[in-house]
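Worksheet for the structure shown next.
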Amino acid sequence: MEQTFKDKVALITGGSFGIGKATAIAFAERGASVAVVDWVEDKETFETIQRAGGKAIFLKGDMSKEEDIKMMVDKTIENFGRLDYAFNNAGVEGITAITHECTNENWRHVLSINLTGVWLCMKYQIPHMLTQGKGSIVNNASIAGLVGFPGIPAYVASKHAVIGLTKNAALEYGKMGIRVNVVCPGVIKTPMIDRFTGKSKEVEKQFESMEPIGRLGEPEEVADAVLWLCSDASSFVTGHSLAVDGGWVAQ
C-alpha cells in the first residue's frame, strides 16, 4: 500500500541527524508537514524537504527539559494547526562503563533524555491527538531494549523502559483513536554508531560479521518502518515493538 501523508503533520525529535533526519525527509516526501526538533539545525534536511515540495519548521530543543518539550508541541500546533504523528527519536548512548562503574551523572543524563524525555513528549502530544480523535506515536528504543549489551547499563535500562512505557500507553489510548508503537533499530549507519566504532572500518566490519543479513542497516530502512507504523496500513497494530535489526535479536 502506497503511504501518503498529505495534509498531515509529523513531529520528529532528534530530526537533524541519522534516523530522525531520514524520517523527517521521508514524511515530507510523502506530503506531510514536518516539525524537526534537535540541538542544531541541519540545512541539508531542509533543502531536501524543500526540493520535495514539503513544508518544515526547525525547533531547537533539549529533550531533558520539560519546557522545551512543551514548546515544541505548542509551536507545531501554532504553525500547522494539528499533530497527526510523532516520532520520539532523540536519544543518547552515554559513556561506556559496566554497571558498578556507571556514574550517577551518566545514569541521570541518559535516562533524562531517553526515558523521561519520551514520557514528556507523549505527555504533551497526546492531548492534541485526543482532541482530534486520532493519532499515531512511534517511540525509538533499540535492540538494546530487547537484549542486554554489557558496558552501557543506563542506555539498556532506558530502552527497555521505553518499550514498557509504549505498551502501557498503547493500552491506555487504544480505544481513543491513538496508536503507540516502538521501533527497535539494530546497528544502523548513524553518527551514534560512528562514535561506537570511532569510524574504524575494521570495527564496522566486526559489527557486520555479527549481522545475520551481512551488513549494517541504513537510516532510511528504519524511517520506512516508522512511516508504516504511522500509516493506515498498520491500523490494527499498537503496543508493538518492531525490531529493524537485520536479524540481530533472532540469533
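Computed over heavy atoms, backbone and side chain alike; hydrogens, waters and symmetry mates excluded.
Under the 4.5 Å side-chain heavy-atom criterion for grouping Ile, Leu, Val, Met, Phe, Trp and Tyr, Leu165 is connected to Val110 within one hydrophobic cluster. Under the 4.5 Å side-chain heavy-atom criterion for grouping Ile, Leu, Val, Met, Phe, Trp and Tyr, Phe80 is connected to Ile69 within one hydrophobic cluster. Neither Val162 nor Val237 shares a network with the other; the hydrophobic side chains, linked directly or stepwise wherever heavy atoms of I, L, V, M, F, W or Y lie under 4.5 Å apart, form separate groups for each. Residue Val36 is not grouped with residue Ile25 when hydrophobic side chains (ILVMFWY) are merged at heavy-atom distances under 4.5 angstrom, including chains of intermediate members. Both Phe87 and Phe58 belong to a single network of hydrophobic side chains, linked directly or stepwise wherever heavy atoms of I, L, V, M, F, W or Y lie under 4.5 Å apart.
The distance from atom NZ of Lys75 to atom NZ of Lys70, rounded to the nearest 0.5 Å, is 10.5 Å. Distance check, rounded to the nearest 0.5 Å: CG of Asp74 to CG of Leu83 gives 11.0 Å. Between Trp107 atom CH2 and Ser158 atom OG the span is 8.0 Å, to the nearest 0.5 Å. Rounding to the nearest 0.5 Å gives a distance of 10.0 Å between CH2 of Trp248 and OG of Ser142. Taken to the nearest 0.5 Å, the CG atom of Asn181 stands 6.5 Å off from the OG atom of Ser136. Once rounded to the nearest 0.5 Å, the distance linking NZ of Lys167 with OG1 of Thr238 reads 12.0 Å.
Here Phe27 pairs with Phe5, Tyr85 under the ring-ring contact (aromatic ring centres under 6.0 Å, His included) rule; sequence neighbours left out.
Between Gly145 and Ile163, the shortest heavy-atom contact is O-CD1, 3.2 Å. The minimum heavy-atom distance between Tyr155 and Val92, with the atom names listed, is CD1-O, 3.2 Å. Across Pro153 and Cys102, no two heavy atoms sit closer than the pair CG-CB, 4.0 Å. The two residues Val182 and Ala141 come nearest to each other via the heavy atoms CG2-CB, 3.5 Å. Closest of all the heavy-atom pairs between Glu221 and Val244 is O-CG1, 4.1 Å. A pairwise comparison of heavy atoms in Asn106 and Ile95 identifies OD1-N, 3.0 Å as the closest pair.
By the 4.0 Å N-to-carboxylate-O rule, Lys21 lies close enough to Asp42 to be salt-bridged with it. A salt bridge links Lys189 and Glu218; the closest N-O separation between the charged side-chain nitrogens and carboxylate oxygens is under 4.0 Å.
A donor-acceptor pair under 3.5 Å links the side-chain atoms of Asp68 to the main chain of Asp62, judged by distance alone. In terms of modelled atom types and a separation under 3.5 Å, the side chain of Thr116 and the main chain of Ile113 share no donor-acceptor contact. Side-chain atoms of Lys159 come within 3.5 Å of backbone atoms of Asn140 as a donor-acceptor pair (strictly under, hydrogens ignored). In terms of modelled atom types and a separation under 3.5 Å, the side chain of His160 and the main chain of Ala144 share a donor-acceptor contact.
Under a cut-off of 6.0 angstrom, the local environment of CD in Gln251 is crowded, with over 12 non-hydrogen atoms contributed by other residues, nucleotides or ligands.
Here the side chains of Val34 and Lys55 are not in contact, with every heavy-atom distance at 4.5 Å or above. You'll find the side chain of Val37 reaches within 4.5 Å of the side chain of Met63, heavy atoms only. Contact of the Val183 side chain with the Val138 side chain is registered, since non-hydrogen atoms from C-beta on lie closer than 4.5 Å.
Under the side-chain contact (heavy atoms from CB on, under 4.5 Å) test applied with Leu229, the options Ile137, Leu242, Val180 reduce to a single match, Leu242.
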Please assess Thr76 against Arg82 for the test side-chain hydrogen bond (donor to acceptor under 3.5 Å, both in side chains), listing each intermediate value before the final yes or no. CA-CA 7 Å; Thr76 299; Arg82 58 186 297 115; over 6 Å; no
Would you give me the side-chain donor-acceptor pairs under 3.5 Å for residues 7-18, sequence neighbours excluded?
{"unit_1": "Thr13", "atom_1": "OG1", "unit_2": "Asn89", "atom_2": "N", "d": "2.9"}
{"unit_1": "Thr13", "atom_1": "OG1", "unit_2": "Ala90", "atom_2": "N", "d": "2.9"}
{"unit_1": "Ser16", "atom_1": "OG", "unit_2": "Val40", "atom_2": "O", "d": "2.5"}

Validation: residues 118-130 side-chain donor-acceptor distances under 3.5 Å, sequence neighbours left out:
{"unit_1": "Tyr124", "atom_1": "OH", "unit_2": "Glu66", "atom_2": "OE2", "d": "2.5"}
{"unit_1": "Gln125", "atom_1": "OE1", "unit_2": "Asn88", "atom_2": "ND2", "d": "3.2"}
{"unit_1": "Gln125", "atom_1": "NE2", "unit_2": "Asn88", "atom_2": "OD1", "d": "2.7"}

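Using modelled atom types, one finds a donor on one side chain and an acceptor on the other under 3.5 Å when comparing Ser234 with Arg179.
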